[in-house]
Amino acid sequence: MKKAVFLDRDGTINVDHGYLYRREDFIYTEGAVEALRILEELGYLLIIVTNQSGIARGYYSEEDFEKLNRWMLRDLAQKGVRVAKTYFCPHYPQGRIERYAVECECRKPGTGMFRKAQKEWDLDMEQSFAVGDRLRDLSICYEYGVQGIWLGGDDTNRAGQGMVRPLWTAENLLQAAEKITLAIRR
Ligand SMILES: [Mg+2]
Ligand SMILES: [Zn+2]
C-alpha cells in the first residue's frame with residue numbers, strides 16, 4: 001500500500017485569488033515547490049484534491065481548468081516534482097451551468113475525491129496526510145485516520161473536534177512538510 005499527501009490547490013499550492021484559471025494569475029505560495037519536493041522524497045504520492053465551483057458558476061470552463069492543470073503539472077515536473085493525479089470537483093448546487101449545478105459527493109467537505117483516490121492508488125489512509133487552508137480540505141480526517149494539517153487556522157481545539165486523529169496546524173505548505181518530516185523520523 002502507498003501513502004499520500006492530499007493537497008488542496010488554491011491557497012495551499014498557489015496563492016488564492018479566487019476562481020483562478022489563467023496561468024498569468026498562478027503564483028506558487030512561498031516554499032510550495034520545495035515542500036512538494038520534500039514530500040515526494042519522503043515517499044508520498046502527491047495527490048491534488050480541489051473544488052472548482054468556478055466551472056459550475058460559469059466563470060471558466062472545464063477545459064480552462066484542464067489547461068491550467070496541465071501547465072502546472074508540466075511546470076512542477078520541470079522543477080523536479082511529480083504529482084500523481086489531480087482530482088477536481090466542477091459542481092456547485094447553486095451554479096449557473098445546469099449540468100454542474102448538482103449536489104455531489106465530490107465537492108469538499110464531501111469525501112468523494114479522497115475515496116476515489118484511495119481506491120485508484122491503493123492508499124494506506126493511516127499513513128497519509130491531508131493539507132489545506134480550509135477545514136473542508138481535511139474532511140477525510142473525520143472518516144479515516146488521515147492526519148490533517150490546517151494552514152492558517154487558529155481555533156484548533158474546536159476545529160479539530162471529531163477528527164479521527166488530532167489536527168495539526170502550520171503556517172504554510174513548507175512548514176507542513178517540515179512537520180511531516182519530523183513526525184515520520186521520530
Ligand atoms: Mg484552498
Ligand atoms: Zn462534485
Side-chain angles (χ1 to χ4, degrees), residues 4-23 25-33 35-36 39 46-66 68-69 71-73 76 81 83 85-120 128-143 146-156 159-160 163 167-177 179-180:
V5 180
F6 297 106
L7 298 145
D8 172 49
R9 197 194 75 180
D10 300 315
T12 298
I13 293 175
N14 57 277
V15 178
D16 190 358
H17 298 299
Y19 308 111
L20 169 82
Y21 69 96
R22 294 184 312 182
R23 179 192 308 188
D25 301 329
F26 186 98
I27 302 166
Y28 292 106
T29 56
E30 207 187 324
V33 175
L36 295 173
L39 294 171
L46 305 180
I47 293 181
I48 298 175
V49 176
T50 178
N51 281 356
Q52 293 294 326
S53 72
I55 297 170
R57 294 174 205 260
Y59 299 160
Y60 51 89
S61 68
E62 198 161 334
E63 181 51 34
D64 291 330
F65 170 79
E66 294 281 14
L68 177 66
N69 187 56
W71 172 80
M72 180 188 69
L73 298 186
L76 284 171
V81 174
V83 172
K85 189 165 175 178
T86 303
Y87 294 85
F88 73 101
C89 166
H91 308 115
Y92 183 62
Q94 289 81 40
R96 281 200 303 118
I97 312 293
E98 212 175 323
R99 68 180 182 282
Y100 300 118
V102 295
E103 297 274 357
C104 65
E105 292 189 350
C106 43
R107 179 173 165 76
K108 295 180 285 185
T111 53
M113 294 189 280
F114 297 92
R115 284 185 278 110
K116 190 171 176 199
Q118 197 278 327
K119 283 199 199 85
E120 285 185 3
S128 296
F129 286 82
V131 186
D133 64 318
R134 307 273 293 265
L135 263 184
R136 67 181 181 197
D137 301 321
L138 311 178
S139 51
I140 193 64
C141 307
Y142 294 89
E143 290 179 22
V146 173
Q147 185 82 20
I149 307 184
W150 190 23
L151 307 184
D154 42 20
D155 193 354
T156 52
M163 283 191 185
L167 177 76
W168 297 4
T169 57
E171 292 289 317
N172 53 40
L173 188 54
L174 183 55
Q175 200 185 85
K179 287 196 173 185
I180 293 173

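Counting starts at 1 for both ligands and their atoms, in listed order. Heavy-atom basis, side chains included; hydrogens, waters and symmetry copies ignored.
Distances from the Mg ion (ligand 1) show that Asp133 has an N/O/S atom below 2.8 Å. For the Mg ion (ligand 1), the set of nearby N, O or S atoms under 2.8 Å includes none belonging to Asp16.
For the pair Asp137 and Arg134, the salt-bridge criterion is not met [side-chain N within less than 4.0 Å of a carboxylate O]. The existence of a salt bridge linking Lys108 and Asp8 is confirmed by a sub-4.0 Å separation between a basic side-chain nitrogen and an acidic carboxylate oxygen.
The O atom of Asp10, the Mg ion (ligand 1) and the OD2 atom of Asp8 define an angle of 80° (nearest 10 degrees). Remark: at the Zn ion (ligand 2), atom SG from Cys106 and atom ND1 from His91 enclose 110°, rounded to the nearest 10 degrees.
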task = Step by step, work out the side-chain contact (heavy atoms from CB on, under 4.5 Å) result for Asn172 and Thr12.
result = CA-CA 7 Å; Asn172 53 40; Thr12 298; over 6 Å; no
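The main-chain N or O of Phe65 is never found under 3.5 Å from a side-chain atom of Asn69 such that the two would form a donor-acceptor pair.
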